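Down below is the structure, laid out as structure tokens.
Treat the numbers as computed from the prediction; the structure is a model and nothing was measured. Below, chains carry the letters A, B, ... as their sequence lines are ordered, and counting in each starts from 1.
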Number of protein chains: 2
Amino acid sequence: MSIVSDSAHLNDLTVVKSVSLTSALEKELERLILTGELEPGVRINEIHLSNRFGTSRGPIREATRSLEAKGLVEVVRNRGVFVRRLSVEDAVEIYDVRAALFGQAGRLLAERMTDGLLAELTRMVDEMDAVAERGSFDDYYPLNLGFHNLIVSSCGNRTLLAEYHRFVNKLHLFRARALVQGGGLAVSNREHRAMLEALASGDGERAQVTHWRHVALAKRRLIAAVDGHARND
Amino acid sequence: MSIVSDSAHLNDLTVVKSVSLTSALEKELERLILTGELEPGVRINEIHLSNRFGTSRGPIREATRSLEAKGLVEVVRNRGVFVRRLSVEDAVEIYDVRAALFGQAGRLLAERMTDGLLAELTRMVDEMDAVAERGSFDDYYPLNLGFHNLIVSSCGNRTLLAEYHRFVNKLHLFRARALVQGGGLAVSNREHRAMLEALASGDGERAQVTHWRHVALAKRRLIAAVDGHARND
DNA sequence: GTAATGATAACTGTCAACAGATTGATGGAT
DNA sequence: ATCCATCAATCTGTTGACAGTTATCATTAC
């Protein structure tokens, strides 16, 4: 495992001196973890990292403590820090939290909806329908992500937005994540339409229910996929 | 290594060598912040702390980075770390998140309710009623806290539990928090009874709504209290 | 061949020191 | 009296080094 490779990303950041080395390192490590370049379970060697980034171990330790609080890594005394590995149970728990947050975002958004936003969201769902017919998951995924992000970003609660992102990010640590991403494109987008209608109606309660249910059903699909996969093993 | 510090709490922890100095410091700092011994807005001086606890600055810096990720302090480059200060808007946002999480906890709990737990929760509400009649807030507050904690702790989702606590803790950073704590004891406990009935019925949807509404109404009381206070100024 | 053992290497925990930035004070000019 | 420049003190950012712990691996005994 030769971690001795140059990181262009970090160099970009270190040029800007207004950002501390620690936070730059933290962002870079987070990127490495979320993109999967640092796989769940692997140990993060402080000395290797300090060589790789040309810094001392101090800032790296600070960055990893921050990542630990964010739940992306695990620190074991005298043994090191490990990229956190999510079990199926962890992932299911996260879906519950995410459903709660997303439902709340839907409620808030319904109560402050604008015509322009509704048009944009409708356009996205139409586009997803078109892509879903072709069954192209690689095209569907970013659209789906953007749709959800736009909803939560527009709900007017920055705390909620930050928390939502935290949990969506954490799902990247779940190895079997790819299982659930494949199926049910058309089904999922039908739920999107129900959400749209609720948002358009301005009924917060109804919006909360539809948004909550959308994630709850995704959780069901995850569980079903995992069970199916386990049976096939 | 003689740890010459005024903090009995810290000494308790350092005796156990399985816990790193950093995490012991973090717990202690968190305690100081949540109890208000370190007030919102004040700067945390690394050198003073290292003298106080008899350590070097390294572990303290690591602990503060962790607290930053938890949202309890704010780090400003080259200026230091400050105990985070929550605005009214921040507090309101947190209530929304808390409502979402608490509602979800109610749903999960309703679907796994036991007779013993229901009896215990009922007992607590009865006790709160008795205390509320006397209008004794100091007695009501810990009971109320315990009631909510028992619900979230019993819902079976540890991730949700951790997040819920995170946000309840963050509310300690809100200076005007005391405003909302005083009023509506009897009203609040009437909402508790509605929650109890929903939990007893085993209807997850209904439990989620009642639990969500309980926090949403608390948020309204907070806003009303803040507005009233502003008018009286 | 396998398991216990002990030496060695590698790594983390902590510390003390240096470099750079910020703050506040001092003194002079207007 | 006010404003600005300069400077000293204080604090943070970062580094390199040392101590203690864990992991590795060859050796030995069975």
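By the 6.0 Å contact criterion, CD on B/Glu120 is enclosed, its count of non-hydrogen atoms from other residues, nucleotides or ligands being greater than 12.
DNA chain C lies under 4.0 Å from at least one heavy atom of each of the following residues of residues 56-66 of chain A: A/Arg57, A/Arg61, A/Arg65.
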Any protein N or O atoms within reach of nucleotides 8-10 of chain C? Criterion: under 3.5 Å, listing atom names and distances.
none

Under 3.5 Å between N/O atoms: give me all the protein pairs with nucleotides 19-23 of chain D, atom names plus distance.
from	atom 1	to	atom 2	distance (Å)
D/dT21	O3'	A/Asn78	ND2	3.3
D/dA23	OP1	A/Arg79	NE	2.6

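Cation-pi geometry between A/Arg98 and A/Tyr95 is met: under 6.0 angstrom from the ring centre, within 45 degrees of the axis.
Between the side chain of B/Asp90 and the backbone N or O of B/Ser87, at least one donor-acceptor pair lies under 3.5 Å. At distances below 3.5 Å, not a single donor-acceptor pair connects side-chain atoms of B/Asn144 with backbone N or O atoms of B/Tyr141. The main-chain N or O of B/Gln208 is never found under 3.5 Å from a side-chain atom of B/His211 such that the two would form a donor-acceptor pair.
Side-chain N/O atoms of A/Gln104 and A/Trp212 include no donor and acceptor closer than 3.5 Å.
Using a 4.0 Å cut-off between a side-chain N of Lys or Arg and a carboxylate O of Asp or Glu, B/Arg84 and B/Glu68 do not qualify as a salt bridge.
Residues that satisfy the side-chain hydrogen bond (donor to acceptor under 3.5 Å, both in side chains) test with B/Thr64, not counting sequence neighbours, are absent from this structure. Every residue two or more places apart in sequence or in another chain that forms a ring-ring contact (aromatic ring centres under 6.0 Å, His included) with A/Phe147 is listed here: A/His192.
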Name every donor-acceptor pair, under 3.5 Å, that has one atom in a side chain of residues 153-161 of chain A and the other anywhere in the protein, sequence neighbours excluded.
from	atom 1	to	atom 2	distance (Å)
A/Ser153	OG	A/Asn149	O	2.6
A/Ser154	OG	A/Leu150	O	2.6
A/Asn157	OD1	A/Thr159	N	3.1
A/Asn157	OD1	A/Leu160	N	2.9
A/Asn157	ND2	B/Glu93	O	3.2
A/Thr159	OG1	B/Glu93	OE1	2.6

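Distance, B/Phe53 CZ to C/dT14 C1': 16 Å, rounded to whole Å. In this entry the distance linking CD of A/Glu68 with C1' of C/dT12 reads 14 Å, nearest Å. Here C/dT22 presents its P atom at 15 Å from CD of B/Glu46, a figure rounded to the nearest Å.
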